[in-house]
Amino acid sequence: MIPVTRSMEYAPGNAQHIGSRSEQQDAFGFSEWDRQDFVRHGGRVAVLADGMGGMDQGAAASRTAVTAFLEAYGHKTPDEGIAEALLRAAHGAHRAVSSLASAKNVPGNIGTTLVAAVVHDAVLHWVSVGDSALYLYRGDTLSCLTTPHNYGTELDAQAARGDISVMAASTDPQRQALTSYIGAESLDEIDLNSEPYPLLPRDRLIIASDGLFRTLADHEIVARLKADPPDPAISLLNATLSKRNPNQDNVTILTIQVEADATPQELSSLSQARSSYSRLVLPGAVIAVVVLMAAGWYWRQPSPSTAKIRMGPAADKERFERSEQMTLDSLPLAQDQGNSRPAPGQQRQTAIRP
Amino acid sequence: MSMKRCDDGHFYDSSKHAACPWCGVVAEAEDLKTTPLKEPTEPSRDTAATVAVHRQASGVSPVVGWLVCVEGPDRGRDYRLRGEKNFVGRSPKMDVCIAGDEAISREKHAAVSFEPKKRTFWLLPGESSGLVYLNDQVVNTPTEIKSRDVIEIGRTKLVFFPFCDDNFHWE
């Protein structure tokens, strides 16, 4: 199905800082990178969780979620698909955090975001709940692959429909309030890509808590990555802290650098293969939606009957490719503000051209 | 760079760190909160080394180095460093208690650690809002420190002197 099946090397990186907060409520972890028997079918996974500071036990929530997620994903068998395993692991994290809340006698009042990415055989899978982000940096373009589950996303959708004004949407004080998170009484939304996302040599994946993208504008992230630092996670952390933001939130940055010894001709053929893949993938995406929604129904815990699994469909890849022609000047106004996140169905892209 | 994965799934450069720098501070901080045996005595006005004094009483951790305050409200005072992590802050609970500088956070503004296997010293950013500088460079990640390096924290400047090094080490 996917023409790109070459072996690639993946170099992990991580960096974290407490910012100006009194407690570190972000947590993260990687799977065992060199455990080949598992990597062959399960790939390598990176997971980040950002505990909710307005609730009890934010630090415990994020650590519990990361531990439970990695443990659940580690139980994946060769027969289970990666997307299904990601969904199962997300529900496992949700159950663990919910149990923690019950044990503390504050059900529904312990919460965390969670975003995880799996790289396997030159493709990317991800799952996200909440507003932590997964970015792809390719060429000179930064693309946010995940959609934040916050009220701002809903407000932007209402503004796009003309139900409310853009001003009302952009100034609502509740914009950053999460509409779905691990530990919520009802896990309403899960962001899951429906089809494996093809990776190319020199791609950079960045998983970050909001301490990064609420302090650094997209073009500042791009500027750092464009310099090709040996450790992009540390570089982005330094860029964040150099802002001296007095309200700097906890910041955690995970990176996966895709390495392959490819010639320009190989890169060109890979790019062409990806284009034809985009045209072929839609029927597969429809099938995957049906399968995964059934899977979501099966694993609905603790209250899944209302769960919406938002797929990042093949159309996302086409938008991404179109975006490679965008420049800073052509970006919509909201994206110039730097701290905006994409509306439903939109991806955020920033490009700096020489 | 030789990246190693710790038991909690964090990656770190094992050529620089004997243990994971991303999970060490949290574990130590929890120990401080939850282990009664490590509750400090009142700080000595002479040394301001509080938890460290307690550790010495148990025979666990002898002096491995010093910090000397050369600028700030506590100018002229010295602070003993013991094995592993030494937390710096205004609170008497801190291993290095710089009580006179209001610009320093009460707890865990920074930490200085001694890594006994390689006999190296490291400056670590703490868990508070305040920044810490090493030789005028902000410290965001664990950074190795050498003799006579200057650590700036709040309005205080501290000069670092190692005791344990290639020439001497507590057996």
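Per chain, numbering begins at 1; letters A, B, ... match sequence-line order. We use all heavy atoms of the structure for the numbers below, so side chains are in, but hydrogens, waters and symmetry mates are not.
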>> Distance check, rounded to the nearest 0.5 Å: A:D231 atom CG versus B:D13 atom CG?
In response: 9.0 Å
> So which heavy atom on B:M3 is nearest to which on A:P12, and how close?
Replying inline: CE-O, 3.8 Å
>> For a quick test of reading the model, state the closest non-hydrogen atom pair linking B:N140 to A:L237 and the distance between them.
In response: O-CD2, 4.2 Å
> Could you state the interatomic distance from OG1 (A:T255) to CZ (B:F11), rounded to the nearest 0.5 Å?
Replying inline: 10.5 Å
>> With a 4.5 angstrom heavy-atom cut-off, is it the side chain or the backbone of A:S31 that approaches chain B, or both, or neither?
In response: backbone
>> For the aromatic rings, using the six-membered ring if either is Trp, is the centroid distance between A:F28 and B:H10 under 6.0 Å?
In response: yes
>> Is it the case that atom CD in B:E144 sees more than 12 heavy atoms from other parts of the structure closer than 6.0 Å?
In response: yes
> Which bit of A:I234 is near chain B, if near means a heavy-atom gap under 4.5 Å: side chain, backbone, both or neither?
Replying inline: side chain
>> I'd like to know whether B:L131 forms a side-chain contact (heavy atoms from CB on, under 4.5 Å) with A:R244, so could you lay out the CA-CA distance, the side-chain angles of the two residues, the decisive distance to 0.1 Å, and finally the verdict.
In response: CA-CA 9 Å; B:L131 293 174; A:R244 303 277 186 102; 3.5 Å; yes
>> So for atom CG, which belongs to A:N105, do other residues, nucleotides or ligands contribute more than 12 heavy atoms lying within a distance under 6.0 Å?
In response: no
> Would one find more than 12 heavy atoms of other residues, nucleotides or ligands at under 6.0 Å from atom CD of A:Q36?
Replying inline: yes
> Given the options A:V47, A:N250, A:L241, which has more heavy-atom pairs under 4.5 Å with chain B than any of the others?
Replying inline: A:L241
> Under a 4.5 Å heavy-atom cut-off, does chain B meet the side chain of A:Q248, its backbone, both or neither?
Replying inline: neither
> Contact part of A:A15 toward chain B, heavy-atom cut-off under 4.5 Å: side chain, backbone, both or neither?
Replying inline: both
> Rounded to the nearest 0.5 Å, how far does CD of A:E23 lie from CD of B:E127?
Replying inline: 8.0 Å
